[in-house]
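One structure below.
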Amino acid sequence: MTLKQEFRPAVIVVGASRGIGKAIAEVAARDGATVVLVARSPEDLQAVAAAIQKAGGEAFTLALDLTARDAAARLEDFLSEKRLICDVLVNSAGYGLRGGAATLPLDEQLGLIDLNIRVVTELTPRFLPGMVARGRGGVINLGSVASFTPGPFMALYYASKGFVRSFSEALHQEVRRAGVTVTCVAPGPVSTEFLEKSGANRAALFKVLPKLDAKYVAERAWRGFKARRRLVIPGTSAKLAILVSGLLPSAALLPLIGRLQLRGNDPCPCGSGKTFRDCCRAGRSQRHAPSETRARSLPL
Ligand SMILES: NC(=O)c1ccc[n+]([C@@H]2O[C@H](COP(=O)([O-])OP(=O)(O)OC[C@H]3O[C@@H](n4cnc5c(N)ncnc54)[C@H](OP(=O)(O)O)[C@@H]3O)[C@@H](O)[C@H]2O)c1
């Protein structure tokens, strides 16, 4: 028996300690897959693994901050130590930030790019060559309905998901004939900690859109991936939101999203230190602009 034959295929879920990642890991394990659960919180990972094992599945855990520069290498080392192959990679770790790009802390904005874009970009091509060589498996990347439009006051989050969808759809085309599937899952709001942590649940936009259950999204994602779909949009409301955003011209869509995403008592995106209600929304943006800025601004 060669060394290679001793390795077993596994589904690697990054962002598996809670939310959509946890739900996808549970669905995959129920389907008979050996799962590797990756996130930062060891206790939460252990709890997910224990539940999977109790239900008769097999789960390994790896507590890892994916933004650490050696994270991908440590994941690879862990897999070879456990004699596992990344058959399916699920990129579900991610976070959002609501607010004006001019006022949100820069380190948090760069951190979002690191997790939502760089980590996906590093992990996907790292495991893809093996999948192509074996002619099986693939990648599930968590995009969002936000990937279909720019999103004022969650600008980086929307842009990061735009990247994920574009990257995933292109890769789908590149590797599909090799027997490998890359699926982008693009849900609307899902009831997870993401909504609270990102501040999205305080925006009117996320209040009007119905929230999906993480289990429902996970089942759609897994089923769509197995059916070799390029794009999975769980739920009718998400499909409608994408349709409407595609029909509206940007001149109408962007102010609408901006209005639905920033609340009156949020800090004003111009950085004046006042609330949005008392500042730019009231049309006073010129009144507080420093005179030096006004003097330098040229009519274009
Ligand atoms: N919820 C929604 O409304 C929604 C809608 C559309 C798309 N999405 C996307 O779906 C994905 C999953 O979202 P969710 O709702 O499940 O979010 P969530 O409940 O906040 O879960 C995020 C997961 O990512 C892990 N994570 C965060 N930072 C990490 C890091 N530096 N290293 C390793 N793991 C890290 C978290 O675990 P630890 O904290 O333990 O590390 C957790 O397991 C995200 O990409 C999100 O953008 C969410």
Side-chain angles (χ1 to χ4, degrees), residues 12-27 35-49 61-72 74-75 89-98 107-108 110-120 122-123 139-149 151 154 156-165 167-168 183-203 205-207 209-218 220-221 231-235 237-238 241-242:
I12 318 302
V13 185
V14 303
S17 60
R18 57 173 192 268
I20 301 168
K22 168 179 178 268
I24 294 179
E26 288 168 345
V27 171
V35 293
V36 177
L37 313 169
V38 184
R40 289 168 302 181
S41 324
E43 294 84 13
D44 292 347
L45 289 174
Q46 284 302 338
V48 180
T61 64
L62 176 62
L64 195 61
D65 182 347
L66 290 157
T67 60
R69 284 296 175 256
D70 63 346
R74 283 178 57 197
L75 174 56
L89 171 68
V90 182
N91 282 309
S92 189
Y95 71 85
L97 289 170
R98 191 177 66 88
D107 59 339
E108 288 182 26
L110 295 177
L112 185 152
I113 292 178
D114 208 26
L115 186 62
N116 294 16
I117 297 181
R118 190 194 59 78
V119 168
V120 174
E122 183 172 4
L123 291 182
V139 184
I140 300 176
N141 284 334
L142 262 299
S144 166
V145 287
S147 68
F148 289 84
T149 168
M154 276 189 91
L156 258 184
Y157 179 71
Y158 278 56
S160 75
K161 291 300 166 183
F163 171 89
V164 169
R165 185 169 65 85
F167 183 54
S168 307
T183 299
C184 180
V185 184
V190 185
S191 299
T192 69
E193 284 183 30
F194 169 90
L195 292 179
E196 178 62 34
K197 289 191 168 170
S198 63
N201 62 353
R202 291 187 287 287
L205 182 61
F206 291 82
K207 286 188 174 149
L209 288 170
K211 285 165 200 61
L212 296 175
D213 184 63
K215 279 186 189 165
Y216 172 82
V217 174
R220 294 289 152 143
L231 184 64
V232 174
I233 302 168
S237 57
I242 291 165

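Ligands are counted one by one from 1 in listed order, and the atoms in each one are counted from 1 as well. Both backbone and side-chain heavy atoms feed into the values below; hydrogens, waters and symmetry mates do not.
- At a 4.0 Å heavy-atom cut-off, ligand 1 touches Ala16 through the backbone alone.
- Shown here is Lys215, whose NZ atom has no more than 12 heavy atoms of other residues, nucleotides or ligands within 6.0 Å.
- Checking Ser168 against Asn141 by side-chain atom types alone, a donor-acceptor pair falls below 3.5 Å.
- With ligand atoms numbered from 1 in the order given, ligand 1 contributes 3 (O), 5 (C), 6 (C) to contacts under 4.0 Å with heavy atoms of Gly188.
- Residue Ile20 has at least one N or O atom closer than 3.5 Å to an N or O atom of ligand 1.
- Under 4.0 Å is where a charged nitrogen must lie from a carboxylate oxygen, and between Asp65 and Arg74 no such pair does.
- Distances below 4.0 Å separate heavy atoms of Leu195 from the following atoms of ligand 1: 3 (O).
- Under 4.0 angstrom from ligand 1, the non-hydrogen atoms of Lys161 all belong to its side chain.
- Closest heavy-atom approach to atom 3 (O) of ligand 1 among the candidates Asp114, Val190, Asn141: Val190.
- Scanning Thr192, Val119, Leu209 for the heavy atom closest to atom 1 (N) of ligand 1 points to Thr192.
- The residue from Ser17, Gly15, Ser92 that puts a heavy atom closest to atom 37 (O) of ligand 1 is Ser17.
- Proximity of Tyr157 to ligand 1, defined as any heavy-atom pair under 4.0 Å, is confined to the side chain (atoms from C-beta onward).
- Not a single N or O atom of Thr67, backbone or side chain, sits closer than 3.5 Å to an N or O atom of ligand 1.
- Remark: Arg98 fails to qualify as a cation-pi partner of Tyr157 under the 6.0 Å distance and 45° angle criteria applied to the six-membered ring.
- Near Ser144, the atoms of ligand 1 lying under 4.0 angstrom from a non-hydrogen atom of the residue are 6 (C), 7 (C).
- Distances between N or O atoms of Lys197 and those of ligand 1 include no value under 3.5 Å.
- Between Pro189 and ligand 1, no pair of N/O atoms sits closer than 3.5 Å.
- Listed by atom number, the atoms of ligand 1 under 4.0 Å from Leu115 heavy atoms are 27 (C), 28 (N), 29 (C), 30 (C), 31 (N).
- No N or O atom of Asp44 sits closer than 3.5 Å to an N or O atom of ligand 1.
- Residue nearest to atom 40 (O) of ligand 1, selected from Ser41, Ala39, Ala71: Ser41 (by heavy-atom distance).
- The closest non-hydrogen atom to atom 28 (N) of ligand 1, taken over Glu196, Arg40, Glu193, comes from Arg40.
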